[in-house]
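First up is the structure itself, then whatever we jot down about it.
Position 1 is the first residue of the sequence, and the numbers go up from there.
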Amino acid sequence: MGMIEMLRKVPLFAELDELELASIAALSSSIDIPKKSIVVQESDPGDSMYVILDGEVKVSTYSVDGREVVLALLGKGSFFGEMSLLDEQPRSANVTTMQDSKFANIRRRDLVQLLMDQPVISLKLLTEIAVRLRKTSRVLERISSMDVPHRLYAYLVDHCVRFSQPNQDGRYNTVLPTHQLLADQLSTSRETISRTISQLKKDGVLVQCEGRGKMLVDVEQLEDMLDDC
Ligand code: CMP
């Protein structure tokens, strides 16, 4: 697939016509990066933004005690590296590939021009930044006010509603991240996540399906458990 076809699938550029997509393709360089590689290093200077054409990345930082804190998982069609471009500060976090990934890389000068020429892209970029800020605030609020099991229940509800559809019986078929990745997103240990998931399985809230991480999730029951919190 050519760069224009791949850019057409990116929500940020959805409103653009053929010619406009071609001009973005002309100023983007395509980069293939293997799984588990650092794409952006926290504190480094940043002068380009990345659009994810294929694959998935993890945005993370480290706490003072050296624990990895996962701020977000971003997939195909999403973008990162816009913050340093906008505020001209060093990179705010590390970005690591979770799978072999392909990116379109756009330099600051070109992106700034693009944002001025295409207000619709600026608006979409701002909207996505607002969505991320809300999500980060919600996670922070949960970490400060909920115990680990309730943080996990809330995460599972969000995850199911965002990434899957309910079955006829109202339960959601979904694929969960690894226990370590869940722990790093919820500020806890892998052991605590494993224990909580085992309990949810015993209670019939989660049913393990065939395939790595595949689960049937009773979201309604999780919502009741959150109401009791
Ligand atoms: P930048 O600071 O240039 O480099 C790291 C990138 O990670 C950053 O731009 C954002 O694209 C992304 N990022 C940083 N913090 C968050 C967050 N809380 N949620 C989602 N993405 C983030």
Treating [X] as the side-chain partner and [Y] as the backbone partner, does any N or O pair qualify as donor plus acceptor under 3.5 Å?
{"X": "N167", "Y": "G170", "answer": "no"}
{"X": "T127", "Y": "L125", "answer": "no"}
{"X": "Q185", "Y": "L181", "answer": "yes"}
{"X": "S84", "Y": "P90", "answer": "yes"}
{"X": "D184", "Y": "V70", "answer": "no"}
{"X": "R151", "Y": "M146", "answer": "yes"}

So if you build clusters from Ile, Leu, Val, Met, Phe, Trp, Tyr with side-chain heavy-atom gaps below 4.5 Å, do [X] and [Y] land together?
{"X": "L186", "Y": "L73", "result": "no"}
{"X": "V120", "Y": "L115", "result": "yes"}
{"X": "V59", "Y": "L182", "result": "no"}

> Checking side-chain contact (heavy atoms from CB on, under 4.5 Å) against F103, which of V57, D32, D54, L53 comes through?
Replying inline: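 Exactly one option meets the side-chain contact (heavy atoms from CB on, under 4.5 Å) with F103, and it is V57.
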
>> Exactly one of T196, L222, T192 should register a side-chain contact (heavy atoms from CB on, under 4.5 Å) with L152. Which one does?
In response: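 Single pass found, and it is T196.
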
When you check the side-chain N and O atoms of [X] and [Y], is any donor under 3.5 Å from an acceptor?
{"X": "S48", "Y": "N105", "value": "yes"}
{"X": "Q208", "Y": "K201", "value": "yes"}
{"X": "S63", "Y": "D65", "value": "yes"}
{"X": "S78", "Y": "R132", "value": "yes"}

How many angstroms lie between atom [atom1] of [X] and atom [atom2] of [Y], to the nearest 0.5 angstrom?
{"X": "E68", "Y": "Q180", "atom1": "CD", "atom2": "CD", "result": "8.0 Å"}
{"X": "E56", "Y": "K76", "atom1": "CD", "atom2": "NZ", "result": "12.5 Å"}
{"X": "L200", "Y": "L156", "atom1": "CG", "atom2": "CG", "result": "7.0 Å"}
{"X": "I121", "Y": "F13", "atom1": "CD1", "atom2": "CZ", "result": "5.5 Å"}

